[in-house]
Amino acid sequence: MRKHKIRSGMIGLALILAPSIAQAQSADPLAPTGRWTANTDGRAATPPMGWNSWNAFFTDMDEEKVLASAQKIVSSGLAAKGYRYINLDEGWWEKRREDGRMLVRTEKFPSARTDDGSTSFRPFTDRLHAMGLKAGLYSDLGRNTCAQAYMPDEPNLPRGNVREREVGLYGHIDRDIGLYFGEWGFDYIKIDGCGLRAYGPDSALVKSGRYRELDPILDLRDVNKSNIPAVRNLFEQVKVALARHASDGDYLLSLCIWGSANVRSWGKDVGNISRTSDDIAPRWDALLTNFDTAATRALYAHPGSWNDPDMLFIGKGDFDENHLVEAQSHFALWAMLNAPLLIGTDLRKTPPLLMDVFGNDRLIAINQDKGGHQAVVADRRGDIQTLVKTLANGDKAVAILNRGSTPQDATLNAAQLKFRSDAPVRLVDLWNGSAIDFTGERSFRLAPHQTLVFRANGARSLTDGMYLSELPGVVNPAVDGVVRPKPDPTIDPPIYAGWGGAQADRTPYGRGLQVAGRHFVNGIGVLSNSRLEVKNQHYRRLTVSVGVDNSATDAKRPVTFIIYGDGRPLARSAALRRGDAAQDLAVNTSGVKLLELVARSEGTDNEALPVTWGDAAFRR
């Protein structure tokens, strides 16, 4: 991972490439639009499920290996449970022909041979489609790829001269997407970003003459050295090309830039899946890092756009058949996060114990729940972490994770589930189906690295509605107030942007919500100069207590809170400063489809003014 200085020429290019972004920034971003702006294009109403070749084979893949895995997906019953996408990662290409057409490596994919030498993946995708499956393909947003940059000794790298080895999308977006989706019939594309960061003028790859220089616009170590508008614009060009060439809308767009370029804030508006982390490794510590990059981003995932902490690595290392506890934790946590469930093992050799993990119907149902609400971190004490997810029927899923390497005691209480403490709660274990009943709280003993996961039912503490923090899938931080993105210091290494974003039941910096000494267990914390879009699911009222959070370092500037319904103002607070009591607001939402919660202040130092939408709730 190299740091590169962004040249003024590339910044100028960004201005040419991204007039839509510049125009959007010139308008008032806090003005109500009356519409939901998070992505709903493509086929990602629930997180995608399937298989990807990378973790099993890296670039050493071929048609036989892929089709064998596809056949195992079908014969094992996993396809019937939702595992549909069979995705080719790096290693499929031969080269880019002189006229710009991409060629398939036919000694690895013999069905791609054609009489005229142009090659075609259509027989391959037709075969997958005939099996009831979907087909996915890999590319890079730059000219060249990750394996070309970082794995030069891997097999199946592109061949030919310098330009023929430029197999990435850069300069070919519309043509390549047209080929992949229109002519070849693919349904899914994963797009890496190594080509935008590894081929700068100081790169040994470029100095050797093996690759052409491309000024880096991605920097993994410093988010503010990335040219964020330019990166976003390139992905938006892909989105436009997909709309043109996959006009039936049957596609998935996976953004794989590892949490860089502040993709946390805008990936949800462009693609269906957005990587939050670097590549996962088959180690417990790597799992925890990747999990952490997504766990506090519940408000940035919705039906149509999901957080992606990377593929499942069940089947290797700390997650093989000899580490069943860790493998089960891996699967359970990804299910709770609404992460894509993409198997990354050689299914020809996968033992029945791990096939049973992949096929757990109860956990698949949690991941695929139509409500689309990612789990929210309800508690973290030492190595014990509790996540709670609201399901479409009002039940909860709860996971209790032991992050540590020693046995730990944990307590689950009804309040964490937003249930009444004086009423019985029923838990159903999602691994074995057994039931547990308790009132108030229940203690558990967890083995090292174990995750207990339950479906929970009980009497709600809020009897006539739901808190917005329980419904992250209907809350979109269209503007979260972050002006200068910062890495999250709670994640090691602290390279992933996201510090200061909107949080459920926490301030943007992870503290408890508090306004003038009044604590709020429930609510949404966000920075000032923010706008939250909220879908109304037939509720009649919205109630909330608003104010500047006690954690604000600016006690002088006032913040005004405004609630809009379908673009019309419904309520406005007084101008409130830190130390002012929270003001109660209530609006009639009957017939309103979209609410927008705006916190407006003067100036741009929003980090100094965290604000709280305390006890924000829909009421019947």
Side-chain angles (χ1 to χ4, degrees), residues 21-35 37 223-224 228-229 262 264-266 269 299-300 468 475-486 497-503 506-518 520 523-534 542 544-565 567-587 594-616:
I21 295 173
Q23 290 166 3
Q25 290 176 340
S26 66
D28 180 4
L30 304 185
T33 66
R35 64 185 183 89
T37 59
V223 62
N224 290 293
I228 296 170
N262 202 34
R264 168 200 57 83
S265 69
W266 56 265
D269 305 325
L299 295 172
Y300 294 84
L468 296 193
V475 181
N476 175 37
V479 182
D480 62 14
V482 176
V483 176
R484 184 175 175 81
K486 297 178 181 178
W499 195 234
Q503 294 280 346
R506 297 288 188 276
T507 73
Y509 303 112
R511 301 183 184 181
L513 302 173
Q514 187 177 13
V515 177
R518 180 179 172 187
F520 292 95
I524 294 179
V526 68
L527 298 178
S528 61
N529 288 319
S530 55
R531 179 170 59 86
L532 308 175
E533 299 167 352
V534 184
L542 176 79
V544 63
S545 299
V546 299
V548 176
D549 195 85
N550 278 18
S551 62
T553 58
D554 186 336
K556 297 181 178 179
R557 280 187 299 152
V559 179
T560 302
F561 298 80
I562 312 165
I563 302 175
Y564 297 90
R568 298 175 291 105
L570 301 179
R572 177 186 294 264
S573 76
L576 302 173
R577 293 175 174 81
R578 191 191 73 190
D580 290 341
Q583 181 175 341
D584 296 336
L585 299 175
V587 296
L594 186 80
L595 292 150
E596 290 170 88
L597 313 184
V598 174
R600 187 185 287 273
S601 65
E602 297 296 326
T604 59
D605 185 15
N606 304 330
E607 290 82 357
L609 275 176
V611 300
T612 290
W613 296 85
D615 287 341

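Between the N550 side chain and the A516 main chain, a donor and an acceptor come within less than 3.5 Å of each other. Judged by distance alone, the side chain of T507 and the main-chain N or O of Y509 form a donor-acceptor pair under 3.5 Å. For N606 (side chain) and V482 (main-chain N/O), no donor-acceptor pair under 3.5 Å exists by modelled atom type.
Distance check: L576 CG to L609 CG gives 11.5 Å after rounding to the nearest 0.5 Å. In this structure, the separation between CD1 on I562 and CG on L30 is 8.5 Å, given to the nearest 0.5 Å. In this structure, L299 CG and D480 CG are separated by 10.0 Å, a value rounded to the nearest 0.5 Å. Rounding to the nearest 0.5 Å gives a distance of 10.5 Å between CD of E602 and OG of S528. Note that CD of E596 is 11.5 Å distant from CZ of R568, once rounded to the nearest 0.5 Å. Between the OG atom in S545 and the CD atom in Q583 there is a gap of 9.5 Å [rounded to 0.5 Å].
Taking the side chain as every heavy atom from C-beta outward, L594 and E533 approach each other to under 4.5 Å. Counting heavy atoms from C-beta on, the side chains of V546 and V611 never come closer than 4.5 Å. With a 4.5 Å cut-off on side-chain heavy atoms, I228 and P485 count as touching. No side-chain heavy atom of R578 sits less than 4.5 Å from a side-chain heavy atom of D554. By the 4.5 Å heavy-atom criterion applied to side chains, T33 and Y564 are not counted as neighbours. In this structure, R600 and N529 have side chains that are in contact, with non-hydrogen atoms separated by less than 4.5 Å.
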Exercise. Are T612 and F520 close enough, and set up right, to give a side chain to side chain contact (heavy atoms under 4.5 Å, CB included), and what steps lead you there?
Worked result: CA-CA 9 Å; T612 290; F520 292 95; 4.2 Å; yes

Exercise. Would F561 and V544 satisfy side chain to side chain contact (heavy atoms under 4.5 Å, CB included), going step by step from the backbone distance to the final call?
Worked result: CA-CA 11 Å; F561 298 80; V544 63; over 6 Å; no

For this session: Under the side chain to side chain contact (heavy atoms under 4.5 Å, CB included) rule, what do L597 and V475 come out as? Steps first, then yes or no, please.
Result: CA-CA 10 Å; L597 313 184; V475 181; over 6 Å; no

For this session: Apply side chain to side chain contact (heavy atoms under 4.5 Å, CB included) to L595 and I563, showing your working.
Result: CA-CA 7 Å; L595 292 150; I563 302 175; 4.0 Å; yes

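Exactly one of D605, N224, V223, T604 qualifies for a side-chain contact (heavy atoms from CB on, under 4.5 Å) with R484. That residue is N224.
By the 6.0 Å contact criterion, CZ on R557 is enclosed, its count of non-hydrogen atoms from other residues, nucleotides or ligands being greater than 12.
Between A502 and Y300, the closest heavy-atom pair is N-OH, 2.8 Å. Closest of all the heavy-atom pairs between V559 and S573 is O-OG, 4.3 Å. Closest approach of A552 and P610 over heavy atoms only: CA-CD, 3.5 Å. The minimum heavy-atom distance between R518 and A582, with the atom names listed, is NH1-CB, 4.0 Å.
A salt bridge does not link R511 with D549: none of the charged nitrogens is closer than 4.0 Å to a carboxylate oxygen.
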